Amino acid sequence: GDVACENYTTPREMAEFVERMHKGEIVSRAASEFMLEIMKRNKVRNRFAKGLPSGWELAHKTGMLRQSCHDVGVIYSPQGEYVLAVMTKDVPDYHYTFNYITKAAKVTYKYYRLPPEPAAKQSRKT
């Protein structure tokens, strides 16, 4: 088939899919955990991963195709997990877009006031 006429989705659909996978609602819990473990091995570090505190785990799927660039996944913060999906189209400059997706990850964790380090590792002022 013609790629221009198929293979469409939305950030909401992708976020819901990843959330349902995380909850074990699509396939078995074991299969869901296996898929998330594979997604945790994603080596792309120029989008979500770059905008998150070091040491946070991330199970995500990145994509690039015909002037579009995406990152969708589960972010494991010290306070719990959350799902983030950023999808773009008509991208004139991939470098700019990578930075945009990185900023979305950073803004999100700061909006929820999630500390960058687990509570036990935070330095205490005396």
Side-chain angles (χ1 to χ4, degrees):
D2 182 10
V3 175
C5 297
E6 55 187 65
N7 200 21
Y8 280 88
T9 190
T10 67
R12 181 183 301 271
E13 287 176 336
M14 292 306 302
E16 287 174 355
F17 177 79
V18 170
E19 182 178 15
R20 289 186 64 211
M21 182 193 322
H22 181 260
K23 290 179 175 178
E25 296 175 353
I26 297 174
V27 291
S28 71
R29 170 68 64 189
S32 295
E33 289 176 5
F34 181 68
M35 289 187 288
L36 288 165
E37 285 303 316
I38 291 170
M39 291 170 65
K40 286 177 183 177
R41 296 182 196 143
N42 188 332
K43 301 289 186 228
V44 177
R45 309 315 278 170
N46 63 1
R47 295 172 221 177
F48 284 171
K50 191 174 176 183
L52 296 172
S54 65
W56 281 25
E57 209 166 23
L58 170 62
H60 64 135
K61 173 69 178 89
T62 54
M64 276 179 60
L65 178 69
R66 292 186 184 82
Q67 292 187 293
S68 63
C69 184
H70 317 305
D71 205 348
V72 178
V74 180
I75 296 168
Y76 297 83
S77 89
Q79 275 66 43
E81 300 84 32
Y82 61 97
V83 174
L84 187 60
V86 179
M87 303 177 81
T88 66
K89 68 176 186 174
D90 302 325
V91 174
D93 178 335
Y94 284 116
H95 183 72
Y96 173 86
T97 307
F98 294 156
N99 287 336
Y100 177 84
I101 294 172
T102 295
K103 285 179 186 172
K106 190 176 289 188
V107 165
T108 302
Y109 96 77
K110 288 186 175 185
Y111 173 80
Y112 288 112
R113 293 182 172 85
L114 298 170
E117 297 293 324
K121 291 184 181 176
Q122 287 182 1
S123 61
R124 291 192 170 85
K125 292 183 179 179
T126 54

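Every value quoted in this text rests on a predicted model; they were computed, and no experiment measured them.
- Within a 6.0 Å sphere centred on OH of Y100, heavy atoms belonging to other residues, nucleotides or ligands number 12 at most.
- With rounding to the nearest 0.5 Å, the separation of NE2 in H22 from OH in Y76 is 4.0 Å.
- Looking only at distances, a side-chain donor or acceptor of R47 sits under 3.5 Å from a matching main-chain atom of H70.
- The hydrophobic clustering, which links ILVMFWY residues whose side-chain heavy atoms are closer than 4.5 Å, places L52 and V74 apart.
- The backbone N or O of C69 lies less than 3.5 Å from a partner atom in the side chain of T88, making a donor-acceptor pair.
- When all heavy atoms of A85 and P11 are compared, the closest pair comes out as CB-O, 3.5 Å.
- To the nearest 0.5 Å, atom CG of residue L36 and atom CD of residue E57 are 9.5 Å apart.
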Inset, instruction - Applying side-chain contact (heavy atoms from CB on, under 4.5 Å), run through T108 and Y82 and close with a yes or a no. - result: CA-CA 10 Å; T108 302; Y82 61 97; 3.7 Å; yes
Would you check, one step at a time, whether the test side-chain contact (heavy atoms from CB on, under 4.5 Å) holds for T102 with N46?
CA-CA 7 Å; T102 295; N46 63 1; 5.9 Å; no
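- S68 places no side-chain N or O within donor-acceptor distance of the main-chain N or O of M64, the cut-off being under 3.5 Å.
- The environment of OH in Y94 is crowded: more than 12 heavy-atom neighbours from other residues, nucleotides or ligands sit within 6.0 Å.
- Under a 3.5 Å cut-off, the side chain of E13 and the backbone N or O of T10 do form a donor-acceptor pair.
- Judged by the 6.0 Å and 45° rule, K103 forms no cation-pi pair with F98.
- Checking side-chain atoms of D71 against main-chain N and O of F48 turns up a donor-acceptor pair under 3.5 Å.
- None of V44, N42, I75 except one satisfies the side-chain contact (heavy atoms from CB on, under 4.5 Å) rule with L58; the exception is I75.
- The distance from the OH atom of Y109 to the CH2 atom of W56 is 6.5 Å, given to the nearest 0.5 Å.
- A distance of 12.0 Å separates CD of E33 from CE of M21, quoted to the nearest 0.5 Å.
- Listed here is the closest heavy atom pair of D93 and Y96: OD1-N, 3.2 Å.
- Electrostatic pairing of E19 and K23 counts as a salt bridge here, judged by a charged N lying under 4.0 Å from a carboxylate O.
- For V27 against A31, the heavy-atom pair with the smallest separation is CG2-CB, 3.6 Å.
- Looking at every heavy atom in both residues, G80 comes nearest to S77 through O-OG, 2.8 Å.
- For the atom pair M39 CE and R41 CZ, the distance stands at 12.5 Å (nearest 0.5 Å).
- Between atom NZ of residue K61 and atom CD1 of residue I38 there is a gap of 12.0 Å, rounded to the nearest 0.5 Å.
- Using a 4.5 Å cut-off between side-chain heavy atoms of Ile, Leu, Val, Met, Phe, Trp and Tyr, with links allowed through other members, M87 and V83 fall into the same hydrophobic cluster.
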